[in-house]
> 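The structure that follows is given in the form of structure tokens.
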Amino acid sequence: MLGKVFAFVTVLCICAFPVGNALYGVLFDAAGDKAALILFFACGASLIIALLAGRLQKRLPAEAVHPRRTVRKLK
């Protein structure tokens, strides 16, 4: 099941990449001299997403975060 989830996320990222590039192109053309504002906004959005992902990971059970560390060895 985990492989299917990774495959889905990978396909989603690969499909979103050209859309993001096109959006950045339009935004940089529209911004003109104020292109630095777009970069600051993108960095801020990335930071917020990273912080939210970290908070979400802390709420997950240990088995979900590190499945191999919590598996008990059979005797």
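What you see is a predicted model; the values in this text were computed from it and never measured.
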> Got a second to check how far L51's CG is from S46's OG, nearest 0.5 Å?
11.0 Å

> Report the residues that fulfil ring-ring contact (aromatic ring centres under 6.0 Å, His included) with F41, sequence neighbours left out, ordered by chain and then residue number.
none

> List, by chain and number, the other hydrophobic cluster members for Y24, where Ile, Leu, Val, Met, Phe, Trp and Tyr join if side-chain heavy atoms come within less than 4.5 Å, directly or indirectly.
L23, L27, F28, I38, L39

> Starting at CZ of F17, measure out to CD1 of I14 and round the result to the nearest 0.5 Å.
10.5 Å

